[in-house]
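Before any comments, here is the structure.
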Amino acid sequence: MNTPAPPITALDTTSLPKHFDSPTAEAYWDRRWDELGIYCYDAARPRSETFVVDTPPPTVSGSLHVGHVFSYTHTDVIVRHRRMCGKNIFYPMGWDDNGLPTERRVQNLFNVRCDPQVPTSDAAAIAPPTGKDLRQPPRVVSRPTFIELCHRVTREDEKAFMELFRRVGLSVDWRQEYATIDDHCRYLAQFSFLDLFAKGHVYCVEAPTMWDTGYQTAVAQAEVEDREQEGAFHDIRFGVDGSDESFVIATTRPELLAACVAVTAHPQDERYRQLFGRRALTPLFRVPVVIFPSALADPTKGTGILMVCTFGDQTDVQWWREQGLPLRQVLGRDGRLQEVVFGTGNWESRNTDAANAAYRQLQGLSVKQARKAIVEMLRDPSAAADSSGAAPLAAAPRPLRHSVKFYEKGDSPLELVTTRQWFVRLLDKKDELIAAGEKIGWFPAFMGARYRNWTDNLQLDWCISRQRYFGVPFPVWYPLDGAGKPCHDRPLVASQDALPVDPTTAAPPGYGADQRGAPGGFTAEADVFDTWFTSSLSPQIGSHWIRNPARHGKLFPADIRPQSHEIIRTWAFYTIAKALLHERNVPWHSAVISGWILDPDRKKMSKSKGNTVTPMHLLDEYSADGVRYWAASARLGTDTAFDESVLKIGRRLVTKLFNAGKFALSQGAGRFPITHELDRAFVHKLAALVEAVSKDFEAYEFASALADTESFFWHNYTDTFLELVKIRARGEGESGAAGQGSAVAALRLGLSVLLRLFAPVLPYITEEVWSWAFAAETGACSIHVATWPSRIDFAGIDAPTDGGSFDLAVAALYAINKQKTAAGAAVGRPLQRLVLAANAATLERFTAVRQDVLESSRAATCATRVEAELADGVFLAEELAFAN
RNA sequence: AGGCACGUAGCUCAGUGGGAGAGCACUACCUUGACGCGGUAGGGGUCAGCGGUUCAAAUCCGCUCGUGCCUACCA
């Protein structure tokens with residue numbers, strides 16, 4: 001015996017506000033979602049049911065702008081979809097707070113400079129300076145104090161980011177929060193080093209390294225960028241040792257003349273062939289240097305012959321190594337010409353006194369100053385190394401524009417300075433690294449080429465040591481010999497159980513604390529890791545690698561790595577490298593690459609350009625859903641100019657959902673199946689939408705999914721279906737209780753499905769409307785844990801008799817609306833009568849939906865006329881007579 | 001210099017072998033029975049250019065121009 005189903009209860013709309021109050025709703029639902037714990041990762045569920053996100057840890061001391069909202073929303077949209085598909089979501093958040101951006105911010109904010117030599121000072125006593133203190137010279141603070149100030153600032157910055165991310169509705173599991181400087185991350189970064197050390201993948205060497213003289217630290221190839229600079233060719237006459245001959249080299253770096261160690265030209269160059277094997281004599285310093293042939297020298301550049309210095313560029317390094325040239329480093333770590341005494345060591349000269357006298361005028365000068373000074377000195381004929389009596393500067397400097405390598409965060413050109421640095425050996429693993437990239441799905445696919453391109457062109461191993469303070473220290477000490485000199489070739493590494501360790505306060509295994517600095521004792525490695533050395537472990541940080549193997553097994557590799565394209569060569573590359581070196585694995589299955597938000601002039605937003613758009617006021621004005629709509633409208637990998645009008649569309653869509661939801665749910669009826677032809681035709685189209693949108697979401701094509709859903713909602717739901725069944729759903733039509741019940745059921749099914757399709761993008765408004773009826777009805781307390789729409793939603797609903805019924809009804813309705821508008825009447829104005837013309841076949845098919853069309857156009861009667869000329873499915877509305 | 005991407009309406013962008021589209025902006029109209037934080041209707045494009053393949057090209061191929069990014073060179 002069947003119990004009759006209870007009727008569908010109408011929503012009492014008087015209990016709802018007139019307009020959707022998004023700020024109140026956002027605050028309410030945020031709290032509610034927290035209480036329900038719907039973002040929580042469930043460690044008990046198996047890997048197969050889990051979806052793991054390797055969230056980018058933002059640099060919190062950087063500027064906060066709409067670009068953050070943009071890319072993080074992309075991830076959240078993907079995550080919310082997977083959650084509704086039943087996945088157990090692992091979605092952590094980290095903060096990449098260590099490194100130079102924070103140090104720079106602290107220096108400026110507190111007007112301090114760190115000096116590791118000064119004793120511990122009291123960080124608590126240091127407050128941000130006021131107006132006049134800022135003009136004072138920076139206060140020098142100890143390393144611990146400086147680090148404490150960095151922590152203080154990052155804690156504040158993290159709060160601002162967290163507030164934004166919460167406000168925009170990221171469904172992050174905040175229990176999985178980390179900072180790349182916290183104990184857990186330091187442990188793993190240091191363990192990573194121990195593992196690479198044990199496997200022989202890291203080495204320490206004293207070698208020419210790219211050096212930023214401003215920050216006084218080494219930098220890696222990945223952090224280098226080219227900048228166009230004004231420069232000049234300087235033609236400088238060199239002598240030839242033991243002869244009257246001379247030749248002219250061209251250089252853009254005359255200030256490095258004292259560092260000249262050789263001269264080279266192309267082996268086939270007839271102009272200089274006779275010089276090979278002889279020695280040149282540099283002007284001013286009268287240093288004899290070898291002249292050797294090299295195929296790397298370009299006869300068409302400059303004068304075709306050039307000086308090799310230690311070091312002007314990477315080619316100099318190559319020549320220096322290949323030819324076994326002496327080292328004459330004139331440039332100090334601070335970017336100034338350091339003390340040099342000709343006549344000692346490698347500092348050979350034919351005229352020591354003259355050389356030292358000349359050099360004294362340059363010593364202590366910056367590169368720029370030294371260049372200016374030496375050019376003047378070379379105008380003096382007495383500086384010549386040949387007997388021509390002419391000044392060594394053979395011609396006026398010829399200006400040129402050329403690109404110069406800079407550290408991406410630095411202000412002065414990079415120099416090559418010989419320093420002791422730690423490297424990860426990668427050059428010999430290019431093929432494996434490229435193969436690892438092939439195993440990863442790149443979205444969009446062409447981003448994989450960026451990775452391959454970079455890896456293929458890699459020229460240097462990864463320099464991981466930085467001469468900075470706020471970073472993860474190397475877990476390394478060096479033994480001191482009997483004279484108290486450190487033995488860098490015998491590093492002492494920490495044991496795993498001591499991690500995380502600070503070698504400046506802890507002692508290495510087998511030593512006592514009192515042996516620090518003593519002959520036969522030890523000294524700490526003062527350097528810290530490159531920030532990327534830690535952040536390249538983000539998947540392992542989340543999975544608790546090594547510290548919790550069971551958890552690691554469930555969370556590594558991750559499913560997706562969301563990030564933007566400019567850090568493929570850094571973050572993505574290093575993460576892939578680490579996963580390969582540690583576990584011979586890939587770190588994630590897919591890399592999901594977001595584009596950039598550009599300013600309206602299509603320039604990249606940056607704090608220094610002052611063209612950033614901050615996000616908070618946009619959230620206030622357009623709601624979180626509106627902002628998310630804007631972000632989700634852009635495809636992956638595509639750079640997009642910021643356009644506020646897109647936010648308006650989002651806000652309008654939110655309003656429309658609120659109102660459509662209110663209407664659809666305010667219709668009560670007896671419970672009947674969906675049987676009416678128009679309703680079945682609508683459901684038929686809806687099912688096709690679900691299929692297309694689900695497919696798009698699976699492929700991370702959320703923009704296309706959103707566009708399709710939005711278009712359907714607007715054109716097939718609110719503008720048409722809702723209008724066509726309005727009268728019937730109210731029970732005012734002629735089709736009786738069954739017709740009414742079918743209409744109401746279809747309206748509700750349409751709403752329920754559309755809300756769920758929108759939910760990943762518009763979490764707040766969809767949850768609000770869902771809560772009015774569907775939450776109780778389905779038992780899904782939140783739409784975000786409701787079941788993603790599928791065929792199951794349409795089970796038991798018959799296909800329409802005519803698949804085109806819906807479009808036919810719409811065409812007729814539009815034809816009538818058009819005539820009403822042409823007559824200057826409101827669309828809702830009732831009609832006494834009208835005539836619909838169409839071809840015979842169309843009119844025949846029209847019969848099944850005719851009643852709905854008449855009712856929605858408020859036509860009392862309708863005559864039809866066969867017009868054979870009209871195409872199938874086309875109607876003309878004629879002879880409209882308004883009722884009043 | 002090489003690679004990748006892009007060039008579609010005034011603007012921001014979809015569309016990847018058959019009908020040139022959306023929103024914004026613009027024009028006219030509608031004063032509201034879910035919605036004026038609305039709605040209806042409309043004007044507007046040499047799909048960068050040239051050539052090719054095809055019955056058919058915004059879409060595929062080649063070249064050219066322009067923009068952006070990545071890489072290289074930078075004595």
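All chains are named by letter (A, B, ...) in the order of the sequence lines, taking the proteins before the strands, and each is independently numbered beginning at 1. What you see below is based on every heavy atom in this structure, not just the backbone, and it leaves out hydrogens, waters and symmetry mates.
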Do A:W319 and A:F311 have ring centroids that are under 6.0 Å from one another?
no
Tell me if the centroids of the rings in A:W630 and A:F642 come within less than 6.0 Å of each other.
yes
Measure from the side-chain heavy atoms of [X] and tell me the nearest of [options].
{"X": "A:R652", "options": "B:rG39, B:rC70, B:rC74", "result": "B:rG39"}
{"X": "A:R635", "options": "B:rC73, B:rG23, B:rG15", "result": "B:rG15"}
{"X": "A:V646", "options": "B:rA72, B:rA25, B:rU12", "result": "B:rU12"}
{"X": "A:R450", "options": "B:rC73, B:rC69, B:rC35", "result": "B:rC69"}
{"X": "A:D226", "options": "B:rG23, B:rU12, B:rC74", "result": "B:rC74"}
{"X": "A:Q459", "options": "B:rG2, B:rU12, B:rC73", "result": "B:rC73"}
{"X": "A:F446", "options": "B:rU40, B:rG3, B:rC4", "result": "B:rC4"}
{"X": "A:T655", "options": "B:rA34, B:rC24, B:rC37", "result": "B:rC37"}

Expected output is a numbered-order residue list: members of residues 715-727 of chain A with a heavy atom under 4.0 Å from any atom of RNA chain B. What is it?
A:T718, A:D719, A:L722, A:E723, A:K726
B:rC70 phosphate, OP1 or OP2, under 4.0 Å from A:Q221 side-chain N/O
no
Parallel, tilted or perpendicular: which one describes the rings of A:F713 and A:Y717, with boundaries at 30° and 60°?
parallel
May I ask you to decide if the ring planes of A:F573 and A:W454 are parallel, tilted or perpendicular, using 30° and 60° as cut-offs?
perpendicular
Give A:K301 one of three labels, base, sugar-phosphate or nothing, depending on what nucleic acid heavy atoms sit under 4.0 Å from its own.
base
Can a donor-acceptor pair be found, under 3.5 Å and without considering hydrogens, that links the side chain of A:S564 to the backbone of A:S594?
no
Round to a whole Å and report the spacing from CD of A:E566 to P of B:rG68.
17 Å
A:R651 CZ to B:rC37 P, straight-line distance once rounded to whole Å
10 Å
For nucleotides B:rC24 and B:rA57, find the distance between their C1' atoms and express it as a whole number of Å.
30 Å
